[in-house]
A.B. asks: 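Below is a structure I'd like to ask you about.
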Amino acid sequence: QVQLVESGGGLVQAGGSLRLSCLGSGRTFSGYPMGWFRQAPGKEREFVAAMNYWGGSRIYADSVKDRFTMSRDNAVNTVYLQMNNLKSEDTALYYCAAGPLYTSASMTRDAYDSWGQGTQVTVSS
């Protein structure tokens, strides 16, 4: 399994932007499908975005579509989540995740077997 470390979270005003990063290690990074999930206090962990290995396809939750953009740079074993026009309801602990090698990207939490520790995003209004 690959080790994952998220960074880039913080406090931002509504309408602002943040860029989250997820640094991976282990087996060839380009071969892993990657996902972003988030969890707010008292709520279940929900899907945000996902990407196939090599970045051939992307999926977004309806709540973030047209505001968030997921990308990856396999040369530095890093996945990014660019978040624009942030809203108060985006406040959550954000996790990145990796699925089994050469499997397709998925919106379901149980499709992933490696998880980072999370990075906090707080949006004030």
A.B. asks: With heavy-atom distances below 4.5 Å as the criterion, would you say the side chains of R38 and F47 are in contact?
C.D. replies: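 No. Closest side-chain heavy atoms not under 4.5 Å.
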A.B. asks: Under the 3.5 angstrom rule, does the side chain of R58 hit a backbone N or O of M70 as a donor-acceptor pair?
C.D. replies: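 Between the backbone of M70 and the side chain of R58 there is a qualifying donor-acceptor contact (under 3.5 Å).
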A.B. asks: How far does CG of N77 sit from OG of S30, to the nearest 0.5 angstrom?
C.D. replies: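 Answer for the CG-OG pair, N77 versus S30, is 8.5 Å.
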A.B. asks: Quick one: sort the Y112 and W115 rings into parallel, tilted or perpendicular, breaks at 30° and 60°.
C.D. replies: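 Judged by the thresholds at 30° and 60°, the geometry between Y112 and W115 is perpendicular.
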A.B. asks: Do the side chain of E6 and the main chain of G118 share a donor and acceptor less than 3.5 angstrom apart?
C.D. replies: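 Side chain of E6 to backbone of G118, a donor-acceptor pair under 3.5 Å: yes, one is there.
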A.B. asks: List in chain and number order the residues that pass side-chain hydrogen bond (donor to acceptor under 3.5 Å, both in side chains) with T108, two or more places apart in sequence or in another chain; answer none if no residue qualifies.
C.D. replies: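 Testing T108 for side-chain hydrogen bond (donor to acceptor under 3.5 Å, both in side chains), a comparison that skips the adjacent residues, returns S106, D110.
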A.B. asks: Between the side chain of R67 and the main-chain N/O of N85, is any donor-acceptor distance below 3.5 Å?
C.D. replies: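 Yes; judged by distance alone, with no hydrogens or angles, the pair exists.
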A.B. asks: Under a 3.5 Å distance rule, please check whether S88 uses its side chain to pair with a backbone N or O of V123 as donor and acceptor.
C.D. replies: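 Checking the backbone N and O of V123 against the side chain of S88, no donor-acceptor pair under 3.5 Å is found.
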A.B. asks: Looking only at non-hydrogen atoms, find the nearest pair between M51 and S71 and report the distance.
C.D. replies: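 That would be CE-CA, 3.8 Å.
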A.B. asks: For P100 and A111, which heavy atoms make the closest approach, and how far apart are they?
C.D. replies: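 Shortest heavy-atom separation between P100 and A111 comes out as CD-O, 3.5 Å.
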A.B. asks: For V121 and G9, work out which heavy atoms get closest and say how close.
C.D. replies: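 Minimum heavy-atom separation between V121 and G9: CG2-CA, 4.2 Å.
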A.B. asks: Would a distance-only check, ignoring hydrogens and angles, find a side-chain to backbone donor-acceptor pair under 3.5 Å from N52 to A105?
C.D. replies: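 Confirmed, N52 side chain pairs with A105 backbone.
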A.B. asks: If I take atom CZ from residue F37 and atom CE from residue M107, how far apart are they, to the nearest 0.5 angstrom?
C.D. replies: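 Answer for the CZ-CE pair, F37 versus M107, is 9.5 Å.
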A.B. asks: Only pairs at least two apart or in different chains count here, so list each ring-ring contact (aromatic ring centres under 6.0 Å, His included) that has a residue in residues 48-107.
C.D. replies: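 Only Y53-Y102 qualify under ring-ring contact (aromatic ring centres under 6.0 Å, His included).
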A.B. asks: Applying side-chain hydrogen bond (donor to acceptor under 3.5 Å, both in side chains), can you list everything that pairs with Q82, at least two apart in sequence or on another chain?
C.D. replies: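 Only N84 meet the side-chain hydrogen bond (donor to acceptor under 3.5 Å, both in side chains) criterion with Q82.
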A.B. asks: Under the side chain to side chain contact (heavy atoms under 4.5 Å, CB included) criterion, do L86 and L18 qualify, and how do the steps go?
C.D. replies: CA-CA 8 Å; L86 284 161; L18 283 174; 4.2 Å; yes
A.B. asks: Is the number of heavy atoms from other residues, nucleotides or ligands within 6.0 Å of CD (Q3) greater than 12?
C.D. replies: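 For Q3, atom CD is not crowded (no more than 12 foreign heavy atoms under 6.0 Å).
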A.B. asks: Please find the pair of heavy atoms, one from V76 and one from L23, that lie closest to each other, and give the distance.
C.D. replies: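 That closest heavy-atom pairing would be O-CD1, 3.5 Å.
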A.B. asks: Is the backbone N or O of A14 less than 3.5 Å from a side-chain atom of S125, with the two atoms forming a donor-acceptor pair by type?
C.D. replies: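 Side chain of S125 to backbone of A14, a donor-acceptor pair under 3.5 Å: no, none is there.
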A.B. asks: Please lay out, stage by stage, how L81 and V48 fare under the test side chain to side chain contact (heavy atoms under 4.5 Å, CB included).
C.D. replies: CA-CA 10 Å; L81 185 67; V48 176; 4.1 Å; yes
A.B. asks: Using every non-hydrogen atom in the two residues, find where V5 and Q117 come nearest and quote the distance to one decimal.
C.D. replies: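 For V5 versus Q117, the nearest heavy atoms are CA-OE1, 3.6 Å.
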A.B. asks: Restricting to non-hydrogen atoms, name the atom on F29 and the atom on V79 that form the minimum distance, rounded to 0.1 Å.
C.D. replies: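 Heavy atoms of F29 and V79 come nearest at CZ-CG2, 3.5 Å.
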A.B. asks: Kindly compute the distance separating CG (L4) from OG (S114), expressed to the nearest 0.5 Å.
C.D. replies: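 The distance works out to 6.0 Å.
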A.B. asks: For side chain to side chain contact (heavy atoms under 4.5 Å, CB included), just list the numbers for S7 and T119, CA-CA rounded to whole Å, side-chain angles, deciding distance to a tenth of an Å, and then say yes or no.
C.D. replies: CA-CA 6 Å; S7 62; T119 185; 5.5 Å; no
A.B. asks: To the nearest 0.5 Å, tell me how far M34 CE sits from N74 CG.
C.D. replies: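 The CG atom of N74 is 10.0 Å from CE of M34, to the nearest 0.5 Å.
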A.B. asks: Are any non-hydrogen side-chain atoms of L20 and M83 less than 4.5 angstrom apart?
C.D. replies: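 Yes; the side chains approach each other to less than 4.5 Å.
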